[in-house]
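Accompanying notes for the structure given below.
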Number of protein chains: 2
Amino acid sequence: MTRAAVVDSAAALGSGEGLDGLSIGRIASELGLSKSGVIGHFGSKENLQLAAVEAAAQRFRAEVWDPVAGEPAGLTRLRALMEAWLSYLEREVFPGGCFLTAAAVEFDDRPGAVRDAVAATWTLWLDVLEREAARAQAQEELASEISPRQIVLQLNAYVMAGNWNKQLFRQPEALTPSRVAIDRLLEMRPLPASRSSPP
Amino acid sequence: MTRAAVVDSAAALGSGEGLDGLSIGRIASELGLSKSGVIGHFGSKENLQLAAVEAAAQRFRAEVWDPVAGEPAGLTRLRALMEAWLSYLEREVFPGGCFLTAAAVEFDDRPGAVRDAVAATWTLWLDVLEREAARAQAQEELASEISPRQIVLQLNAYVMAGNWNKQLFRQPEALTPSRVAIDRLLEMRPLPASRSSPP
DNA sequence: CCTACCGATCGGTAGG
DNA sequence: CCTACCGATCGGTAGG
């Protein structure tokens, strides 16, 4: 289906040059189509942008969320989610870094449907993480002195900063400080737990 | 001087709509000038973008760095720098949030002079923070179990995430979690210091 | 600093 | 999905 190819191209181009910098003519020449062949499926550039956001969100879910759904709820799954998230950045699923981070920064000052879609996607994802953090605390796997919200905002900060670091400075070890920070935060145990190593 | 007005306008517009989305025609109409009156001072759009980055860096320095230079080196100055940084975001010095964060995300995939200037500015700033963190550790005001680099990357993550949070979700308390995280990190003392309260 | 203009590209439409 | 086209805007230049 041509429509899917157009959306994929828009998401790939958008992650690098921006979701608004992307032009219909560029996508058309990239895919060997005419401009009307590109825009015909969507009616307007904004609808195309919305479709790209939707596709990026589904891709994120498929790459980060789904593979981890089988992990035990709580700290184990939270750790797995964070590692899957970092791995998704390392694998460069989108050529220009995290699509939804770039789109958030680009559209945060432009009221409209695209901005709303990006914000809603982020809210959904942060809520997933928060639920897992709360669960980890309820299971006494994680200290309760910090609220689940605060934990999630810090985890998000580490990943966002890692993505930024990687994209701007192009260092191979750009995500290591993020991993260190995440591990430190998630190692905060509710008690100085003495754990017996399995035989 | 007209040139300064053009640069200011470019920096203000660029923080919101992006440094590349900004157009010479828009700046011209904003200032009541002709397009050639705008571009004549710079020769090319890229030179104008470079001038805007330079101006934003000077502004950042004037708003965040200079006011704090008189504080005692070490933890005190590091705390003051972080608070000045958050205050600069709260005061909305640039209408579209931190100019240099937006520019970093926008240009991280576009090799060229603008990208290099943005990266160099960030390196400078992170080095300032790192030096102060190292000083704080040398003065035994801050635990040494985390490297100065790691501390600075975490501090940077909190501020970046706060800026992102503020811009995307428009909540008045958007920076509070950043403050909490910063305080927690900088409260890590080298010893369980018993402090006598002043009379 | 201006007017006047260049070729190129933009988003989008008409008609098929 | 195509060709052909619309008005608008882009960065930049010529000439003053």
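Throughout, a chain's letter reflects where its sequence line sits, starting with A, and its residues are numbered from 1. A quick note: this is a predicted structure, and the numbers were derived from the prediction, not measured.
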Original post:
Does a side-chain N-to-carboxylate-O contact under 4.0 Å join B:R79 and B:E141?
Top reply: no
**OP:** Using modelled atom types only, decide if a donor and an acceptor are shared between the side chain of A:Q154 and the backbone of A:L185 within a distance under 3.5 Å.
**Re:** no
Subject >> Between B:Q171 and B:N165, a side-chain donor and acceptor under 3.5 Å >> reply: no
Original post:
By salt bridge (charged side-chain N to carboxylate O under 4.0 Å, His left out), which residues pair with B:E30, not counting sequence neighbours?
Top reply: none
Original post:
In whole angstroms, how far is the P atom of D:dT9 from the CD atom of B:E17?
Top reply: 14 Å
Subject >> Carboxylate-amine/guanidinium proximity below 4.0 Å for A:R3 and A:D8 >> reply: no
Subject >> Pairing residues for A:F107 by the ring pair (Phe, Tyr, Trp, His ring centres under 6.0 Å) criterion, not counting sequence neighbours >> reply: none
**OP:** Could you label the plane-to-plane angle of the A:F169 and A:W164 rings as parallel, tilted or perpendicular, counting under 30° as parallel and over 60° as perpendicular?
**Re:** perpendicular
Original post:
Under 3.5 Å, side chain of B:E130 to main-chain N/O of B:V152, donor-acceptor pair present?
Top reply: no
Original post:
Under the criterion salt bridge (Lys or Arg N to Asp or Glu O under 4.0 Å), which of A:E71, A:E132, A:E83 is the partner of A:R77?
Top reply: A:E132
Original post:
Whole Å only: how far is the CG atom of B:D20 from the C1' atom of C:dT9?
Top reply: 14 Å
**OP:** Strictly below 4.0 Å, heavy-atom distances to any atom of DNA chain C: list the hits from residues 22-39 of chain A, or just say none.
**Re:** A:L22, A:S23, A:I24, A:G25, A:R26, A:K35, A:S36, A:I39
Subject >> Strand contacts (DNA chain C) in residues 40-51 of chain B, 4.0 angstrom heavy-atom criterion >> reply: B:H41
Subject >> B:Y88: ring pair (Phe, Tyr, Trp, His ring centres under 6.0 Å) partners, not counting sequence neighbours >> reply: B:F60
Subject >> Base-pair map of DNA chain D as dot-bracket, where | denotes pairing with a different strand and pairs are Watson-Crick or G-U under 3.5 Å >> reply: ||||||||||||||||
